[in-house]
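The block underneath contains the structure these notes are about, expressed in structure tokens.
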2 protein chains.
Amino acid sequence: MEVKKATTIHDIARALNLNSSTISRALNDHPRVSQKTRDKVKAKAKELNYQPNNLAANLRTNKSNTIGVVIPFVSRYFFSTAIAGIEDIAQSYGYNVIITQTKDITEKEQESINTLLNSRVEGILISPAMYNDNIEHIQKAIDQQIPVFCFDRYAEGLQTTRVLMDDHKTALLMCDHLIQQGAQKITVLSGYKTASIYSNRQKGIIDSYIKQGIDLKHLNINEMELSTHKAYSYVKDLISKGKVPDAVYALNDMTAFGAIKAISENNLSVPEDVLVVGFSNEPLAELFTPSLTTVNQPAYEMGKLVAKKLILHLEDNEELLTSETSILKSELIIRESSLRKKRKI
Amino acid sequence: MEVKKATTIHDIARALNLNSSTISRALNDHPRVSQKTRDKVKAKAKELNYQPNNLAANLRTNKSNTIGVVIPFVSRYFFSTAIAGIEDIAQSYGYNVIITQTKDITEKEQESINTLLNSRVEGILISPAMYNDNIEHIQKAIDQQIPVFCFDRYAEGLQTTRVLMDDHKTALLMCDHLIQQGAQKITVLSGYKTASIYSNRQKGIIDSYIKQGIDLKHLNINEMELSTHKAYSYVKDLISKGKVPDAVYALNDMTAFGAIKAISENNLSVPEDVLVVGFSNEPLAELFTPSLTTVNQPAYEMGKLVAKKLILHLEDNEELLTSETSILKSELIIRESSLRKKRKI
DNA sequence: TTGAAAGCGCTAACAA
DNA sequence: TTGTTAGCGCTTTCAA
């Protein structure tokens, strides 16, 4: 079978009796090329179905016009929404985006970063894996002059730009709210402290207890894999042991839904018997019965912001700026699930 | 500031008094290189922090090891889950994935495909935009010998490999179920027929009516943007006009949730007064009150399958196979929202 | 088993 | 305004 080779600028040059460098200039709208030539070249390019080869251009210019994204799970609502923001910004600035998943596993994250470096991405946006015990692989990118910006989560000890939520303050305020609604014995369903977001949220909750002068022995912080299913089992178990809390503070919404299910199935009610709050404001939190009190995290804006910061950094090349932390505002959304009502008798 | 240039195979060659071609072979585990040299080269590479440059290798071999993905929205649950499957397969075969969003807009899709071609992806996985009135831009890729495989949705008139759900059959069965539960006047909330999935589901519903011998005048198919909000407004409006249907068949879950909200707010109950079913089996469908009858779409498996088919095609280069349609099994999940109960008085 | 040399398609400094 | 030329970092054929 005859495979016709792709048209190159040399083919166009030959067809027009021009030099390939003129073709290159014309196609890139370089100023020092006559309008006439430019038109002629573009017409011929179209005629010959010319498709530029970025690989070659990138090799030559040592610019790939690509940014890499490293996240735990694409399919998690928060991350896929952040990616939407990253994509939108990248596209508007003419950058490609390569996405890699780590599944919260350090080895995968190392691999990811390595492939991204091999592919000569110009910068990396990362939400580090939960259980990272070292960050050499991230540091390696920075050592190779590839900027690595963190969003949502960050790696302790890595001096770089971060775009985060104010997890500490938000958790503190939410805990205040629960206490204000009469809760004292709160069960927290948290991810592992090795991820900055969970460690900060835990601290916020503890600080709320301290501020309100409540004995910390009433606070039950439980670290677990944050899934609907795990939360369901855990809370069910808790209830069966007679340790019914005043409130369940789940550090994401899916977990809160699992908790609510376990509570309802045990002939207890939310919020009459147990208050429940979540974190993330998933699309369904509002529609759920009871509607879920949660925190609105501007994932899309976060993606946009961190992508914009990276691209501007790449284009300005402000070598001086080594780190900057931006905190995005999150918002408590108080709904039915945390508003204490008298039990209907 | 002194920017030290990245190490190349030439640097390694110089350091070891070898030729760069030997370095290349050693690093790629080419058989015709002595074990001793290989070890020496790899050690030196590590010592010098050598980072391979895929751009150069790709240009030389004319292989980018990258596949492009074109979808409407990354943040939609179905697509982000499919991407997870695509990523997993791609990674295991050593391919990168570039993801682009079309937002269901044809122009964006054209741009997407063009960038992917410029980046010399080896193949494209696409779920075409909803309102495509032409497919020239997709055909263009195929004309350039870049295979384009469709998943979930497909472009009419494009002869290529497709991995789909059996939308027609599934919709038919679901409609049968509703009728069996006593519904006759069904309101369908559908996306636009220009997308294959919606056109096929509509046909399935119509065929169910015909099969069951029910007059089609009782069937109200409404095309709209499928969002929770739009569904809410539409159903609310319907009820206020006194046109309460027996059942609402929403062609995705988010839309079903909107419909349920509108119904509940009008002092009607699901399923007592109106049956409601959805499509997709979003994570919360099960936890919702009432739990939502829907269709389980194996998005992750679909992503895996279509990615695997593409990669095997790329590696085998079976030029003969021009098209193949795989239909994945989807599953009706019957839950509370569609099971007719007597109204409690 | 290793080396020499050419070239993938493009850009850009310099020359004309 | 256009042409000449070199080279980005790698792979691969052919020769040694």
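Protein chains get the first letters and strands the later ones, always in sequence-line order, with residue 1 at the start of each.
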Check whether any side-chain N or O of B:E122 sits under 3.5 Å from a backbone N or O of B:N65 as a donor-acceptor pair, and report yes or no. yes
Could you tell me how far apart B:Q51 (CD) and D:dG9 (C1') are, to the nearest whole angstrom? 14 Å
If I take atom CZ in residue B:R60 and atom C1' in nucleotide D:dG9, what distance separates them, rounded to the nearest angstrom? 11 Å
Is there a residue in residues 15-39 of chain A whose heavy atoms reach under 4.0 Å of DNA chain C, and which residues are they? A:S21, A:S24, A:R25, A:N28
Check the pair A:T325, A:Y154 against side-chain contact (heavy atoms from CB on, under 4.5 Å), reporting the backbone distance first and the verdict last. CA-CA 10 Å; A:T325 300; A:Y154 58 90; over 6 Å; no
For the helix from C:dT1-D:dA16 to C:dA16-D:dT1, figure out the bend between the end axes, five pairs an end, and round to 10 degrees. 30°
With no hydrogens and no angle check, just 3.5 Å: does a side-chain donor-acceptor pair link B:D11 and B:Y50? no
Can you tell me the distance, in whole Å, between the CG atom of A:L59 and the P atom of C:dG7? 17 Å
Could you give the CG-to-C1' distance, from B:N62 to C:dG7, as a whole number of Å? 12 Å
Could you check whether any side-chain N or O of B:R120 sits under 3.5 Å from a backbone N or O of A:P52, counting only pairs where one atom can act as donor and the other as acceptor? yes
Please give, in whole Å, the distance from C:dG9 P to B:R120 CZ? 8 Å
Hydrogens and angles aside, do B:Q110 and B:N114 bring a side-chain donor and acceptor to less than 3.5 Å of each other? no
Would you mind reading off the distance between B:L48 atom CG and D:dG9 atom P, rounded to a whole angstrom? 15 Å
Rounded to the nearest 0.5 Å, how far does CG of B:N53 lie from CG of A:L117? 11.0 Å
Atom OG of A:S196 and atom CE of A:M165: how far apart are they, to the nearest 0.5 Å? 12.0 Å
Quick one: B:N118 CG to C:dT11 P, roughly how many Å, whole number? 11 Å
Under the criterion salt bridge (Lys or Arg N to Asp or Glu O under 4.0 Å), I'd like the reasoning laid out for B:D88 against B:K308: C-alpha separation, chi angles, the key distance, then a yes or no. CA-CA 10 Å; B:D88 283 351; B:K308 195 159 190 172; over 6 Å; no
Whole angstrom value for the distance that separates P of C:dG3 from CD1 of B:I9: 12 Å
I would like to know whether A:M302 and A:Y300 meet side-chain contact (heavy atoms from CB on, under 4.5 Å); could you show each step before the answer? CA-CA 5 Å; A:M302 196 176 221; A:Y300 178 77; over 6 Å; no
